[in-house]
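Report on the structure given below.
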Amino acid sequence: MNLIVNGNEYQLDVVTIQDVVVHFGLAGKPVVVEAGGTVYASEQWATTAVQDHMRIELVHFVGGG
Amino acid sequence: MQTETDVLRIGGRCLASRFFLGTGLFPNPYVQMEAIKASGAEVLTFAIRRINLENTEDDSILQHLHNESYIYLPNTSGARTADEAVRIARLARASGLSDWIKVEISVNERTLLPDPIETLRATEVLVKEGFTVLPYTSDDPVICKRLEEAGAAAVMPGAAPIGTGLGILNPYHIGLIVEEANVPIIVDAGLGSASDVVQAMELGVSGVLMNTPVAKATDPVRMAKAMRLAIEAGRLSYLAGRITKKKYASASSGLDAFQLK
C-alpha cells in the first residue's frame, strides 16, 4: 500500500504499524509513532492496522536545549 | 548546612541540582557525557525530530544515557503554534520516558523569541492532559504570572535570545518575576558564562537551563563544571543575603580608636 512516512511516499507491503517500524529497521529502538494524527504506544503497534495513503511520522529524541 | 535541605521541587520531584542541561551542539557523544557528569545536572533537555529513514544508523541520543537516572525534559522546538507544540508533547510522552515537557514556540527565526500567547495556550491544554509543563517564555512578569496560573510546574523566562550568550538583558524583570512567583523560576536561554549564572542565581531564580554556553565552549567539560560551581556560589550568595550598597566607605575596624596621637 501507499504510505506517507516522514513526508515521503513509500510503497510498502505492510499491515500494521509494527510492520512499518520493522521495515525501516527501527524495531527495538526508542521510536515514537504517529499514524493518521494519532500517537500510538508501542504496545498498540502490532494490533493497529495502517490504511492506504496514511500519514505516518516516525520520530525520536535528538540533542536539544 | 543550609544547602543540604535546599532542594528544588518541581512536578513532585526533588532535585539536588539546579542545573538543567541541554544536549544539543556538543562536539561528540563522549564530550557530552563527560560534560553531563561534570555539570551534576539531573534534568536533561532534548528535542523531538523525524528519524532520518535513509540512515537509521544515525541513532537516538538516548543510547549514550543508559542506566542513568536522569529526568528527561523534551522540548517542543520547531513548533510555531500551540497546536503544533501539543502534538510534539504527545509524541514525547508516548516515548514512555517522561511526562515533563518544555513548551517552546517560536515563529521568528532570527530572534527565536518565544510566542507568549501560543505558549500560554499550549500550557493550558497540556496541564489539563496531565503533563508537567515547563514553558519557556519571554522575561515579562505578567506572562510569567499567567503561565503559573495556568498550572505550569515551573516558569522559564529567557535571559536573552537562544544561543546569543548575551546574559541577562533585563535583570529588573527577572528579579520581579521571582518576587511574584509561587512556582520555581528557571532562567532559560541567553546566558553566556559563569558570571551570568551567578547573577541569575543571586536574583533568586531557582535554577538555570543552558545548552550553547556549555556545548560550544572551547572546553565544554570544564565549562560544565564552572557553571555548576557558579550555580552553587550564586545560590549560596542569594541565601546568605548580600550587604546593601552604600555610596561612601565604612571602615572594617571602626574609626573611634583610629588616631594613635
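Lettering follows sequence order; numbering is per chain, from 1. What you see is a predicted model; the values in this text were computed from it and never measured.
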Let me have the donor-acceptor pairs involving side chains of residues 25-35 of chain B, under 3.5 Å, with sequence neighbours excluded, atom names and distances please.
{"from": "B:Asn28", "atom 1": "OD1", "to": "B:Tyr30", "atom 2": "N", "distance (Å)": "3.0"}
{"from": "B:Asn28", "atom 1": "OD1", "to": "B:Val31", "atom 2": "N", "distance (Å)": "2.8"}
{"from": "B:Glu34", "atom 1": "OE2", "to": "B:Lys37", "atom 2": "NZ", "distance (Å)": "3.1"}

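With a 4.5 angstrom heavy-atom cutoff, B:Ser77 does not touch chain A via any of its atoms. At a 4.5 Å heavy-atom cutoff, the contact between B:Ile48 and chain A is made by backbone and side-chain atoms alike.
Applying a 4.5 Å heavy-atom cutoff, the residues of residues 47-58 of chain A that approach chain B are A:Glu57, A:Leu58. Annotation: residues 3-25 of chain A contacts chain B through A:Val5, A:Asn6, A:Gly7, A:Tyr10, A:Phe24 [non-hydrogen atoms, separation under 4.5 Å]. Along residues 36-43 of chain A, the residues that come nearer than 4.5 angstrom to chain B, judged on non-hydrogen atoms, are A:Val39 in order of number.
Note that CG of B:Leu44 and CZ of A:Phe61 are 11.0 Å apart. Values are rounded to the nearest 0.5 Å. The line from CD of A:Glu34 to CZ of B:Arg87 is 4.0 Å long, rounded to the nearest 0.5 Å.
Annotation for B:Leu91 and A:Val32: closest pair O-CG1, 3.1 Å, computed over non-hydrogen atoms.
By the 4.5 Å heavy-atom criterion applied to side chains, A:Val62 and B:Phe46 are not counted as neighbours. Counting only heavy atoms from C-beta outward, the side chains of A:Val59 and B:Ile88 never approach each other to under 4.5 Å.
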